[in-house]
Number of protein chains: 2
Amino acid sequence: MEISKREEEYLETMYMLHKNRGIIRVKDIARMMKVKPPSVVDALKKLNEKGLVHYEKYDRILLTEKGRKIAETTYSKHILLTEFFIEILGIPPEIAEQDACQFEHYVHEITAERIKEFARFIQEQCPYVLKQFIKEKLAEEK
Amino acid sequence: MEISKREEEYLETMYMLHKNRGIIRVKDIARMMKVKPPSVVDALKKLNEKGLVHYEKYDRILLTEKGRKIAETTYSKHILLTEFFIEILGIPPEIAEQDACQFEHYVHEITAERIKEFARFIQEQCPYVLKQFIKEKLAEEK
DNA sequence: TAAACATTTTTGGCTAACCTAACTTGGTGA
DNA sequence: TCACCAAGTTAGGTTAGCCAAAAATGTTTA
């Protein structure tokens with residue numbers, strides 16, 4: 001069963017809402033994804049068909065186990081990429097966030113894992129050089 | 001004027017065809033983008049409307065100046081990302097290619113620039129550490 | 001508890017991007 | 001040169017994802 005980038009985004013949004021507020025509401029999904037409520041309903045119906053959310057109209061919305069796993073995988077890539085952009089490359093947080101938000105849906109498992117290992121390696125093997133780089137870049141930003 | 005990810009991909013493909021073969025043919029675009037020829041024609045008509053390609057039916061296809069610039073920008077990000085993935089992270093070329101192919105359409109100018117600077121910095125400041133990392137990862141791949 | 005308000009859902013319609021089948025055109029070899 | 005084949009095009013149709021307007025349901029407050 002194929003899952004589109006957009007569907008993955010809906011799942012991730014629901015995952016974050018559940019994590020932060022406990023409850024998942026159409027209105028909040030719409031706000032976070034910058035779409036209108038009817039689009040959310042469309043998406044929920046499709047995700048329900050695919051067994052990724054429990055959805056019945058006017059009832060509370062929940063991710064299924066399968067949906068949650070997909071969302072968690074995506075979310076963890078999001079965190080990983082954001083950290084890498086900010087802490088290793090010294091990218092401004094807002095831009096780091098935007099880039100991570102897209103790349104998380106495409107990045108190969110192998111690449112994600114390698115980024116994690118690389119960050120760790122550099123931080124351990126040449127922390128001073130890294131600090132130097134970040135410092136230079138922050139200085140340039142003014 | 002908005003340009004979609006897909007349109008950017010068409011432009012980049014045409015740019016590469018022009019670069020490699022001199023001539024841009026519907027059949028080749030279709031093959032490279034894994035779509036059928038009618039889809040290419042649809043795309044060409046739209047890109048023509050937008051002033052990004054010169055297209056008249058049965059005539060030779062060319063990028064406009066504007067289209068070429070967009071394609072070049074995308075292409076240079078492609079090269080940059082691919083090199084970073086391969087030479088810094090030690091990702092297998094095929095996977096590096098796939099990831100670059102997606103991220104190139106989203107990566108912020110600032111992030112792209114920073115990746116370039118980071119690669120240079122590390123290669124200059126701690127080439128041995130970098131070699132060590134790549135070596136370890138290549139060893140693990142068996 | 002019922003009216004008023006907020007939220008969700010349905011309906012109907014749009015665009016981007018793709019396809020197959022059928023057609024036109026252009027170039028090539030007999 | 002002309003018939004044929006490859007390449008390109010058109011016509012007509014599908015799907016994903018979005019929206020506005022209106023209807024349905026849920027919730028809160030007077």
Side-chain angles (χ1 to χ4, degrees), chain A residues 1-14 17-18 20-63 67 70-71 74 101-102 104-106, chain B residues 1-18 20-63 67 70-71 74 101-102 104-106:
Chain A
M1 185 241 335
E2 265 322 289
I3 163 156
S4 73
K5 180 197 177 197
R6 205 52 178 152
E7 287 174 330
E8 209 171 272
E9 286 173 353
Y10 275 104
L11 292 177
E12 192 186 11
T13 300
M14 288 186 260
L17 282 169
H18 186 263
N20 297 335
R21 316 197 168 194
I23 193 167
I24 302 172
R25 289 194 308 167
V26 171
K27 201 183 68 157
D28 295 325
I29 300 172
R31 182 180 37 79
M32 288 178 66
M33 297 202 51
K34 297 179 203 270
V35 297
K36 302 297 176 188
S39 307
V40 175
V41 175
D42 286 354
L44 287 172
K45 284 176 180 169
K46 251 185 223 163
L47 292 169
N48 185 62
E49 290 300 312
K50 296 192 177 185
L52 301 172
V53 306
H54 293 298
Y55 170 71
E56 288 205 63
K57 59 169 158 168
Y58 296 114
D59 203 355
R60 74 196 206 293
I61 301 163
L62 283 177
L63 291 174
I70 293 170
T74 306
C101 233
Q102 296 299 322
E104 66 188 10
H105 302 290
Y106 300 108
Chain B
M1 186 236 340
E2 266 321 289
I3 162 154
S4 72
K5 181 195 176 196
R6 205 51 178 150
E7 286 174 331
E8 209 172 273
E9 285 172 354
Y10 276 104
L11 292 177
E12 192 185 11
T13 300
M14 288 186 261
Y15 177 79
M16 290 191 288
L17 282 169
H18 186 263
N20 297 334
R21 316 196 168 195
I23 193 166
I24 302 172
R25 289 195 308 167
V26 170
K27 202 183 67 158
D28 294 324
I29 299 172
R31 182 180 38 76
M32 288 178 67
M33 297 201 51
K34 298 180 203 276
V35 298
K36 303 297 175 186
S39 307
V40 175
V41 175
D42 285 354
L44 288 173
K45 284 177 181 168
K46 249 185 226 166
L47 292 169
N48 185 62
E49 290 300 313
K50 295 191 178 188
L52 301 173
V53 307
H54 292 297
Y55 170 71
E56 287 204 65
K57 57 170 162 169
Y58 298 114
D59 202 356
R60 75 195 206 292
I61 301 163
L62 282 178
L63 291 174
I70 293 171
T74 306
C101 233
Q102 297 299 323
E104 65 188 12
H105 302 290
Y106 299 109

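Everything numeric here is computed off the predicted structure, so don't read it as measured data. As a basis for the values below, the full set of heavy atoms in this structure was taken, side chains included, without hydrogen atoms, waters or symmetry mates.
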Go through [options] for me and flag the one nearest to the [X] side chain.
{"X": "A:Y55", "options": "D:dT9, C:dA17, C:dT9", "result": "C:dT9"}
{"X": "A:V41", "options": "D:dG17, C:dC18, C:dT9", "result": "C:dT9"}
{"X": "B:Y58", "options": "D:dG17, C:dC18, C:dG26", "result": "C:dG26"}
{"X": "A:K46", "options": "D:dT9, D:dA16, C:dA17", "result": "D:dA16"}
{"X": "A:P38", "options": "C:dA17, D:dA21, C:dT20", "result": "D:dA21"}

Nearest whole angstrom, please: distance from the [atom2] of [N] to the [atom1] of [X].
{"X": "B:L44", "N": "D:dT10", "atom1": "CG", "atom2": "P", "value": "11 Å"}
{"X": "B:E56", "N": "C:dG26", "atom1": "CD", "atom2": "P", "value": "13 Å"}
{"X": "A:I29", "N": "D:dG17", "atom1": "CD1", "atom2": "P", "value": "15 Å"}
{"X": "A:D59", "N": "D:dG26", "atom1": "CG", "atom2": "C1'", "value": "12 Å"}
{"X": "B:D42", "N": "D:dG12", "atom1": "CG", "atom2": "P", "value": "14 Å"}
{"X": "A:D28", "N": "C:dT7", "atom1": "CG", "atom2": "P", "value": "9 Å"}
{"X": "B:R21", "N": "D:dA7", "atom1": "CZ", "atom2": "C1'", "value": "14 Å"}
{"X": "A:M33", "N": "D:dA16", "atom1": "CE", "atom2": "C1'", "value": "13 Å"}

May I ask you to verify if any side-chain N or O of [X] is less than 4.0 angstrom from the OP1 or OP2 atom of [N]?
{"X": "B:K27", "N": "D:dA7", "value": "yes"}
{"X": "A:S39", "N": "D:dC19", "value": "yes"}
{"X": "A:K36", "N": "C:dT8", "value": "no"}
{"X": "A:R6", "N": "D:dC18", "value": "yes"}

4.5 Å side-chain heavy-atom contact, A:E2 and A:E7 |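 SC-SC contact between A:E2 and A:E7 ruled out.
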Is A:L44 close to A:M14 at the side-chain level, that is, under 4.5 Å between some pair of heavy atoms?
->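 The answer is yes; the side chains approach within 4.5 Å.
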Looking at every strand, decide which applies to A:K5 at a 4.0 Å heavy-atom threshold: base, sugar-phosphate, or nothing.
->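 The answer is nothing, as A:K5 stays clear of every strand by at least 4.0 Å.
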Nearest nucleotide by nearest heavy atom, which residue falls closer to the 5' end of DNA chain D, A:Y10 or A:K57?
-> A:Y10
Backbone N/O of A:Y55 and side chain of A:K45: donor-acceptor pair under 3.5 Å | no
Check ion pair A:E49-A:K46 (N to O, under 4.0 angstrom) =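 No salt bridge links A:E49 with A:K46.
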Is it true that B:K5 and B:E8 have a side-chain N and a carboxylate O under 4.0 angstrom from each other?
-> no
